[in-house]
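Owing to the predicted nature of the structure, the values given are computational and were not obtained by experimental measurement. Here is how names work: the chains are called A, B, and so on, in the same order as the sequence lines, proteins then strands, and each is numbered from 1.
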Amino acid sequence: MLDLKKIRDNKEKMTELLARKGFKADFDEILSLDEKRRSAISEVEKLKAERNKVSAEIPALKKQGKPVDNIFAEMRALGEKIAELDRTTNELDEKVFDLLSRMPNVPDEDLVGGEKENNQVIKVVGSKPEFSFPMQNHVDLCTKLGIIDYNRGTKLSGGGFWLYRGDGAKLEWALLNFFISEHLKDGYEFILPPHQLGYNCGFGAGQFPKFSDEVYWLDCDEDRKRNRFMLPTAETALVNMYSGEIIDESKLPMKFFAYTPCYRKEAGSYRAEERGMIRGHQFNKVEMVQYAHPDHSKESFEELVNKAASLIEKLGLHFRISKLAAGDCSASMARTYDIEVWIPSMGIYKEVSSVSNANDYQARRNNTRYRDSKTGKTAYVHTLNGSGLATSRVFPAIIEQYQNADGSITVPEVLVPFMGGQTVIK
RNA sequence: GGAGAAGUAUCGAAGUGGUCGUAACGAGCUGCACUCGAAAUGCAGUUGUCCGGUUUCGGGCACAUGGGUUCGAAUCCCAUCUUCUCCGCCA
C-alpha cells in the first residue's frame with residue numbers, strides 16, 4: 001500500500017517511479033476522492049461534536065424536569081444527517097482504499113525502468129561447467145537413476161507434479177537440511193507456519209486482490225475473503241505474523257526463516273520448455289524474512305542477498321546475481337535481486353532465489369508497526385524476504401552440473417553429511 | 001459438527017442505556033520525592049487512530065468484528081470471528 005500523504009506531496013515523482021514499473025498511475029482520481037473524503041469527515045465531525053454536546057446536557061435537563069421532546073426532534077434530524085454523511089465517508093473511504101490497494105509499490109530510485117531485458121548482472125560466480133562427454137539433461141538423468149518419478153507423479157495428481165524417490169528424496173531433504181542449518185547458524189528463528197492461510201495474508205503480502213487467481217483455494221464460497229488458500233510461498237505467512245501489532249523497536253531487525261512446500265497454479269506456464277522440476281505446482285522452499293527498521297533495511301537487504309548467494313556458492317554451483325529492472329520486480333517490491341543458477345541443458349540461468357525489499361508497502365497493508373524512540377510515534381516497519389533457497393531449480397542444477405560420464409551424480413561436498421555420508425548417486 | 005460460557009487499556013478485572021465511566025479497582029511500567037543506596041511508601045504519568053490548526057491545542061472514532069434499535073450504546077437486538085468447557089467424529 002502506498003502512502004496517501006506521499007502521493008499528495010510528491011505526485012509527479014511517484015508517477016514517474018511507477019512508470020518505470022510500467023504502471024500508469026492515475027493519482028488525480030484518488031486525490032480528488034480523498035479531498036472529498038476529508039471534507040466530508042470535517043463536516044460530519046462537527047455535527048457529531050454538536051450531538052455529543054447536547055447529549056451530555058440531556059440528563060441534567062431531565063433532572064430539572066425541563067421538556068426535552070423538542071430537543072429529541074432536533075437531534076433525530078441531526079442523527080439522520082450524520083448517518084447520511086457517515087455513509088458517504090465510508091463509501092469514499094472504501095473507494096480510496098480500494099484504488100490505493102491496487103497500486104503496486106514504487107521502485108527504489110536507483111532502479112532502471114523497463115522489463116527483464118534491462119536487468120543488470122552484478123555478479124557472476126564460478127563458470128559454466130565443461131563436459132568431456134555428452135551431457136544429459138536432468139529429466140533423463142533423474143529418470144534413469146530412478147530418483148524422480150515424473151510419470152507416477154502425473155498419475156497421482158496430473159501435470160506439474162512429481163515424486164522424489166530414494167536417493168532423490170534424500171538429496172531433496174539434504175538440501176533443505178543444509179539450508180536450515182545455515183540459517184540457524186546465522187541466528188534466524190525457525191518457523192513452521194500453517195500451509196493454509198486466510199485472505200488477509202494474501203492481501204497483506206500484496207499478492208491480493210490482483211493475483212488471487214494464481215493460488216489454490218480450499219473452499220468455494222463466492223466470497224474469497226472468508227476462504228483459505230494454500231500458501232504460494234512462506235513469505236505470505238511470515239510477513240503477516242505481526243500484523244496489527246506494534247513491535248518493540250529494540251527487537252528490530254527480526255529475522256525468520258521457514259520451510260514450506262509452495263503451492264502454485266502456474267497457469268499458462270511453458271511446460272514444453274520447462275520440463276522436469278523447473279516449474280511445478282508444488283515445490284519445496286526455505287524462505288527468509290526480516291522485519292527491519294526503515295533506517296536499516298538496506299543492510300538487511302544486503303545480508304539476505306549475501307546469505308542466499310553463499311548457500312548456492314557453498315553448493316559449488318555456477319550462478320549469477322541480477323539486479324532486476326523496475327518492471328521485473330513484483331508488484332509489492334521496491335527492489336529485487338535474483339540469484340540465478342546455470343542449467344546446462346537449457347543453456348540459461350534460472351532463478352533460485354529472489355531477494356526483495358518491500359519497504360513499508362506490506363507493513364502498510366497489514367498494519368505492522370514499531371514505536372520509534374526518536375519521535376515517540378508509531379511507524380511502519382520494512383519487510384524483506386528472500387528464498388534461501390527453493391530446491392526445485394537447485395536440484396536440477398546439481399544433477400546437471402555434477403553429472404558424470406556414466407550418468408551418476410556426485411553429491412556436493414556440503415550435502416554429504418546430510419546424506420548420511422553418501423558421496424555419489426548412481 | 002452440536003451445546004454452553006466468554007471476548008473491556010500492558011495484564012487481571014469492574015461496569016447492564018446518559019449524569020459517577022476513556023473506562024473504576026488491583027498489578028505492571030516510567031518519572032519524581034523520601035533514602036548513603038535499595039526495599040517499602042507517597043505523588044504524577046502510562047491506548048491507538050483520523051480530521052483540523054501545528055509551539056502548548058481543538059474535535060471525531062474505537063470496550064472482538066460488522067450491522068441494527070435509540071435523541072443517546074461497552075451496556076439492548078442480529079450476524080460473524082475467536083477462545084474456553086462438554087459431547088460427537090477421528091483417516
Checking [X] now: which residues fulfil side-chain contact (heavy atoms from CB on, under 4.5 Å) with it, not counting sequence neighbours?
X      : value
A:A331 : A:P104, A:F211
A:A258 : A:I191, A:P193, A:A234, A:L238
A:E84  : A:R87, A:T88

So, A:T236 versus A:Q207: side-chain donor-acceptor pair below 3.5 Å or not?
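Checked: A:T236/A:Q207 side chains pair up, N/O donor to acceptor below 3.5 Å.
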
Answer with yes or no whether the side chains of A:Q290 and A:E303 bring together a donor and an acceptor at under 3.5 Å.
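The answer is yes; a qualifying pair exists.
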
Separation of the [atom1] atoms in [N] and [M], to the nearest angstrom:
N      : M      : atom1 : answer
B:rG7  : B:rA74 : C1'   : 12 Å
B:rC25 : B:rC43 : P     : 12 Å
B:rA64 : B:rU16 : P     : 15 Å
B:rG18 : B:rA73 : C1'   : 10 Å
B:rC89 : B:rU70 : P     : 47 Å
B:rC20 : B:rA24 : C1'   : 10 Å

So which protein N/O to nucleotides 52-59 of chain B N/O distances come out below 3.5 Å?
unit_1	atom_1	unit_2	atom_2	d
B:rG52	OP1	A:R38	NH1	3.0
B:rG59	N2	A:E45	OE1	3.0

To the nearest Å, give me how far apart [atom1] ([X]) and [atom2] ([N]) are.
X      : N      : atom1 : atom2 : value
A:L4   : B:rC50 : CG    : P     : 11 Å
A:D248 : B:rU47 : CG    : C1'   : 16 Å
A:E57  : B:rU19 : CD    : P     : 13 Å
A:F97  : B:rC50 : CZ    : P     : 13 Å
A:Y380 : B:rG48 : OH    : C1'   : 11 Å

B/S/- along nucleotides 65-73 of chain B (protein heavy atoms under 4.0 Å) is ------BS-

In chain order, what residues pass the ring pair (Phe, Tyr, Trp, His ring centres under 6.0 Å) check against A:Y242, with sequence neighbours excluded?
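Residues passing ring pair (Phe, Tyr, Trp, His ring centres under 6.0 Å) with A:Y242: A:Y291.
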
Side-chain heavy-atom pair A:Y263, A:H281 within 4.5 angstrom cut-off:
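No, side chains not in contact.
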
Output every pair passing side-chain hydrogen bond (donor to acceptor under 3.5 Å, both in side chains) with a member in residues 67-76 of chain A, not counting sequence neighbours, ordered by first then second residue.
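Passing the test, one end in residues 67-76 of chain A: no pairs.
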
I need the full list of side-chain hydrogen bond (donor to acceptor under 3.5 Å, both in side chains) pairs touching residues 45-59 of chain A, with sequence neighbours left out, sorted by first then second residue.
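Qualifying pairs, neighbours excluded: A:K48-A:D86.
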
Protein-nucleotides 75-83 of chain B N/O pairs under 3.5 Å:
unit_1	atom_1	unit_2	atom_2	d
B:rU80	O3'	A:R226	NH2	3.1

In terms of the nearest nucleotide of RNA chain B, which residue is placed more toward the 5' end: A:A56 or A:R371?
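Looking at RNA chain B, the more 5' nearest nucleotide goes with A:A56.
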
Comparing A:I41 and A:E50 on RNA chain B - which has the more 5′ nearest nucleotide:
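The residue mapped nearer the 5' terminus is A:I41.
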
What residues in residues 27-36 of chain A put a non-hydrogen atom under 4.0 Å from any atom of RNA chain B?
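Per residue number, the list is empty: none.
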
Results of salt bridge (Lys or Arg N to Asp or Glu O under 4.0 Å) for A:E351 - residues two or more places apart only
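Result, salt bridge (Lys or Arg N to Asp or Glu O under 4.0 Å) vs A:E351: none returned.
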
Side chain A:R20, main chain A:L111, donor-acceptor under 3.5 Å:
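Indeed, once roles are kept as given, a pair shorter than 3.5 Å links the two residues.
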
In dot-bracket form, how is RNA chain B paired, counting a Watson-Crick or G-U wobble pair only if both its distances are under 3.5 Å and using | for bases paired to another strand?
((((((((.[[[..)..(......]]]((((((.......))))))((((((....)))))).[[[[[..)....]]]]])))))))....

